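Predicted model, so just to flag it, every value in this text is computed and none were measured. Throughout, a chain's letter reflects where its sequence line sits, starting with A, and its residues are numbered from 1.
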There are 2 protein chains.
Amino acid sequence: MLRDGRGWQFTLREVARRAGVSHAAPYKHFPDKAALLSELAARGYRHLQEDLIAALAPERRGSARARAIAVAKAYLDFGRGNPSLYELMFSSEIDKSCEASVREASSAVFALIVDILTRGQQAGEFKAVPVEGQAAALWSLLHGLTVLERGRRLPPSEGGLMPIDATIASLLQGLDA
Amino acid sequence: MLRDGRGWQFTLREVARRAGVSHAAPYKHFPDKAALLSELAARGYRHLQEDLIAALAPERRGSARARAIAVAKAYLDFGRGNPSLYELMFSSEIDKSCEASVREASSAVFALIVDILTRGQQAGEFKAVPVEGQAAALWSLLHGLTVLERGRRLPPSEGGLMPIDATIASLLQGLDA
DNA sequence: ACCTGAACACCGTTCAAGT
DNA sequence: ACCTGAACACCGTTCAAGT
């Protein structure tokens, strides 16, 4: 993403400039700007998935709850570390173009969340409710927290910037068996 | 919002065209495009607040849980009914400009959520945890659901498009005293 | 196959000038 | 909380032409 007078721009012409090619060159690789952005978004989802898997690894033998917390923290860190990319991944600019690559990559993230919750249910740690609903709730909570924290829509909490732990705990209590 | 070749555009020039004035006229009312968008976003938050209050009215004597559900449904309906405006309200385009009117209007929405939960805690219906964290969780869940549903990031659920009730129930169970 | 420069139809923004 | 038209420096996209 590129710095503009006031804000972040993403222009094909600037991309070409940085690549040291003419402004028409990108059209040899992508049909249009939306296609380039979709590719970026798909990579974003894959990158996120990798981060979540990496966070899961040390918790391999931990409780489902510990795994859920580890994944939640990694998710929030991804959003904080890649704010422009994260916003792109959920922008209507992306989902209107409806690229298969984006749908696949985001489905994989959802599947990962479903997997953690399913194991938790099987282990008797989480309530045995339809797991897609549970996963939708967890993902929604994580996405909402990411956006609200970034947009400073939540009041600054006493300790620092940390209603997050309490927030995740709230939801997880709803999941507990 | 204005229809473009492929997607939704919002251009000052088109606004001026529709208003039947010259393309320079908007600059007599707003310093720049960001300021106009901030004003729209602030109105969006106020409109949302009104919808939530309206949904609350018939539940005046109901349980805190019934009030929370009514507000959640009204929130989701607002997002579904005003998708472009809703996206604008949470875009980084808006929160970088950091307008006081936006912060005030969005704080009012947060305060409304806090109020419902506070009463629920006082009535002994909701768990007595720090209410800001509880409110952040509920708002995050609602925002996340709105975005994920709209972007079709959640798998189509069996009954129709309805993990929502289950999802809200999940969180509310976490809130139950 | 890959790139280029010119060209077209747009933008946001500014500004001197008109009421 | 007047507006206008010309002008500037950008965009995304296309296209004939070059290697």
Side-chain angles (χ1 to χ4, degrees), chain A residues 1-44 83-102 151, chain B residues 1-47 49-50 83-106 108 151:
Chain A
M1 311 290 162
L2 309 160
R3 187 96 200 141
D4 186 65
R6 54 191 132 264
W8 295 98
Q9 288 275 11
F10 184 92
T11 71
L12 241 30
R13 288 176 106 109
E14 181 68 24
V15 168
R17 236 170 264 137
R18 297 204 176 193
V21 292
S22 84
H23 63 262
Y27 288 88
K28 304 304 157 185
H29 303 276
F30 298 93
D32 57 15
K33 189 186 182 186
L36 206 193
L37 291 179
S38 288
E39 175 60 25
L40 282 180
R43 285 181 195 220
S84 300
L85 176 59
Y86 189 88
E87 183 172 25
L88 175 69
M89 287 158 61
F90 292 91
S91 74
S92 61
E93 195 71 6
I94 291 306
D95 47 66
K96 79 173 173 8
S97 84
C98 235
E99 290 256 356
S101 61
V102 174
Chain B
M1 309 292 162
L2 310 161
R3 186 98 200 140
D4 185 63
R6 54 191 133 263
W8 295 98
Q9 287 275 13
F10 185 92
T11 70
L12 240 31
R13 288 177 106 111
E14 180 68 24
V15 167
R17 236 171 264 136
R18 296 206 177 192
V21 293
S22 84
H23 63 262
Y27 288 88
K28 303 304 158 186
H29 303 276
F30 298 93
D32 56 16
K33 190 187 181 186
L36 206 192
L37 291 178
S38 289
E39 175 58 25
L40 281 180
R43 286 183 195 218
Y45 279 111
R46 282 182 231 120
H47 184 176
Q49 185 193 3
E50 285 167 20
S84 299
L85 177 58
Y86 189 87
E87 184 172 24
L88 176 69
M89 286 158 61
F90 292 91
S91 75
S92 61
E93 196 71 4
I94 291 306
D95 46 67
K96 80 175 174 5
S97 84
C98 236
E99 290 257 356
S101 61
V102 174
R103 283 208 313 279
E104 276 174 41
S106 70

Do B:Val102 and B:Asp95 come within less than 4.5 Å of each other through their side chains, counting heavy atoms only? no

Rounded to the nearest 0.5 Å, what separation is found between the CG atom of A:Leu88 and the CZ atom of A:Phe10? 8.0 Å

Counting only heavy atoms not in B:Arg46, do more than 12 fall under 6.0 Å of its CZ? yes

Expressed in angstrom and rounded to an integer, what is the separation of [X] atom [atom1] from [N] atom [atom2]?
{"X": "A:Glu14", "N": "D:dA9", "atom1": "CD", "atom2": "C1'", "answer": "14 Å"}
{"X": "A:Gln9", "N": "D:dC11", "atom1": "CD", "atom2": "P", "answer": "8 Å"}
{"X": "A:Leu36", "N": "D:dC11", "atom1": "CG", "atom2": "P", "answer": "15 Å"}
{"X": "B:Phe10", "N": "C:dC10", "atom1": "CZ", "atom2": "P", "answer": "18 Å"}

Sugar-phosphate, base or nothing in reach of [X], heavy atoms under 4.0 Å:
{"X": "B:Tyr27", "answer": "base"}
{"X": "A:His29", "answer": "sugar-phosphate"}
{"X": "A:Lys33", "answer": "sugar-phosphate"}

For B:Ser92 versus A:Glu87, what's the shortest heavy-atom pair and its separation? OG-OE1, 2.5 Å

Give the minimum heavy-atom separation between A:Ser22 and A:Pro26, together with the two atoms involved. O-CD, 3.6 Å

Only counting residues at least two apart or in another chain, list the ones meeting ring pair (Phe, Tyr, Trp, His ring centres under 6.0 Å) with B:Tyr45. B:Phe90

Reckon A:Thr11 has a side-chain N or O less than 4.0 Å from the OP1 or OP2 of D:dC11? yes

Whether B:Arg17 contacts C:dC10 is assessed here as follows: a side-chain N or O lying under 4.0 Å from the phosphate OP1 or OP2. Is that the case? no

Dot-bracket pairing map - DNA chain D, Watson-Crick plus G-U, both contacts under 3.5 Å, | cross-strand: .|.|||||...|||||.|.

Both A:Lys28 and A:His23 contact DNA chain D. Which one's nearest nucleotide lies toward the 5' end? A:His23

With sequence neighbours excluded, residues passing salt bridge (Lys or Arg N to Asp or Glu O under 4.0 Å) with A:Arg17: A:Glu14

Residue met sooner reading DNA chain C from 5', once A:Arg13 and A:Ala25 are mapped to nucleotides: A:Ala25

